[in-house]
Engineer: 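A single structure is presented below for examination.
Numbers for residues simply follow the sequence, beginning at 1.
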Amino acid sequence: MTDNKAKSTKPANKTPPRSPSDPTKDRAAKRLSCDSNSSHEGAMAGEISALEEAFRKFAIHGDTRATGKEMHGKNWSKLCKDCHVIDGKNVTITDVDIVFSKIKGKSSRTISFEQFKEALQELSKKRFKEKSDEEAIQEIYKLIEGKAPVISGVT
């Protein structure tokens, strides 16, 4: 009888085990919500732009430690591929890499949101040659706004 009581009380004190993927999902969700909340307060209009939201989603993609404030070159390339900024004619993967290297600081490996917008301006001139600078920037923003990383080839 004593053995049965010991066994029955032991599981009651245990918390249910969590799967290994839960903490990272929680962290990513908290990271996104915290970042977007803080930017809501700082923004004049009280809202985060769709472009900045897309930047944050791509910036944290594949990196559990990323804050969403800076983007690596790998994620920059993924954004350009997934959002069809690369068309294969006017803008190639090489162009995307060159623009990233040009915009980031010499000792830096990442770009900020402001640098991200500069890089998009550079690419918009190449991608939409027939349009004015303003129209080209708006077109490239339309390609990216509201998008998230596409996960493909994962089994």
Engineer: Using the rule that two of Ile, Leu, Val, Met, Phe, Trp, Tyr join whenever any of their side-chain heavy atoms come within less than 4.5 Å, decide whether Ile60 and Ile144 are in one cluster.
Structural biologist: no
Engineer: Is any side-chain heavy atom of Leu120 closer than 4.5 Å to a side-chain heavy atom of Leu51?
Structural biologist: yes
Engineer: Check Asp133 with Lys125, please: is the shortest side-chain N to carboxylate O separation under 4.0 Å?
Structural biologist: no
Engineer: Minimum heavy-atom separation for Ala59 to Gly68, with atom names?
Structural biologist: CB-CA, 3.9 Å
Engineer: Under 4.5 Å between any side-chain heavy atoms of Cys80 and Leu123, yes or no?
Structural biologist: yes
Engineer: Going by the rule ring pair (Phe, Tyr, Trp, His ring centres under 6.0 Å), which residues pair with Phe58 if we only count those two or more places apart in sequence or in a different chain?
Structural biologist: none
Engineer: With no hydrogens and no angle check, is any side-chain donor or acceptor of Thr92 less than 3.5 Å from a backbone partner on Gly88?
Structural biologist: no
Engineer: For Val85, does its backbone N or O pair with a side-chain atom of Arg127 as donor and acceptor, under 3.5 Å?
Structural biologist: yes
Engineer: Can you check whether Val150 reaches Lys81 side chain to side chain, under 4.5 Å on heavy atoms?
Structural biologist: no
Engineer: When rounded to the nearest 0.5 angstrom, what is the spacing between CD in Gln121 and NZ in Lys126?
Structural biologist: 15.5 Å
Engineer: What distance separates Asp63 CG from Glu70 CD, expressed to the nearest 0.5 Å?
Structural biologist: 11.0 Å
Engineer: Would you name the heavy atoms of Gln115 and Gly105 that are closest together and state the gap between them?
Structural biologist: NE2-N, 4.2 Å
Engineer: Say you draw a straight line from CD1 of Ile103 to CD of Glu122; how long is it, rounded to the nearest 0.5 Å?
Structural biologist: 5.0 Å
Engineer: Can you tell me how the ring of Phe116 sits relative to the ring of Phe55, calling it parallel under 30°, perpendicular over 60° and tilted otherwise?
Structural biologist: tilted
Engineer: Evaluate the side-chain proximity of Tyr141 to Lys117: yes if any heavy-atom separation is below 4.5 Å, no if none is.
Structural biologist: yes
Engineer: Could you walk me through whether Lys78 and Trp76 pass the side-chain contact (heavy atoms from CB on, under 4.5 Å) check?
Structural biologist: CA-CA 5 Å; Lys78 180 162 181 57; Trp76 162 250; over 6 Å; no
Engineer: Can you measure from CD1 (Ile86) to NE2 (His84) and round to the nearest 0.5 angstrom?
Structural biologist: 10.5 Å
Engineer: Taking side-chain hydrogen bond (donor to acceptor under 3.5 Å, both in side chains) as the definition, give me every residue that meets it alongside Ser108, ordered by chain and number, with sequence neighbours left out.
Structural biologist: none
Engineer: Between Arg56 and Glu52, is the closest basic N to carboxylate O distance under 4.0 Å?
Structural biologist: yes
Engineer: Report whether Leu143 and Ile93 are members of the same hydrophobic cluster (ILVMFWY, side-chain heavy atoms less than 4.5 Å apart, transitive linking).
Structural biologist: yes
Engineer: Is the number of heavy atoms from other residues, nucleotides or ligands under 6.0 Å of Lys147 NZ greater than 12?
Structural biologist: yes
Engineer: Once you round to the nearest 0.5 Å, how far does OG of Ser101 lie from NZ of Lys106?
Structural biologist: 12.0 Å
Engineer: To the nearest 0.5 Å, what is the distance between CE (Met71) and CG (Leu79)?
Structural biologist: 5.0 Å
Engineer: If every non-hydrogen atom of Ser124 is compared with every non-hydrogen atom of Ile137, which pair is closest and at what distance?
Structural biologist: OG-CG1, 3.5 Å
Engineer: Of the non-hydrogen atoms in Asp95 and Val91, which two are nearest, and what is the gap between them?
Structural biologist: OD2-CA, 3.5 Å
Engineer: Is there side-chain contact between Lys104 and Ile111, with heavy atoms separated by less than 4.5 Å?
Structural biologist: yes
Engineer: Do Thr110 and Lys69 come close enough that some side-chain heavy atom pair is under 4.5 Å?
Structural biologist: no
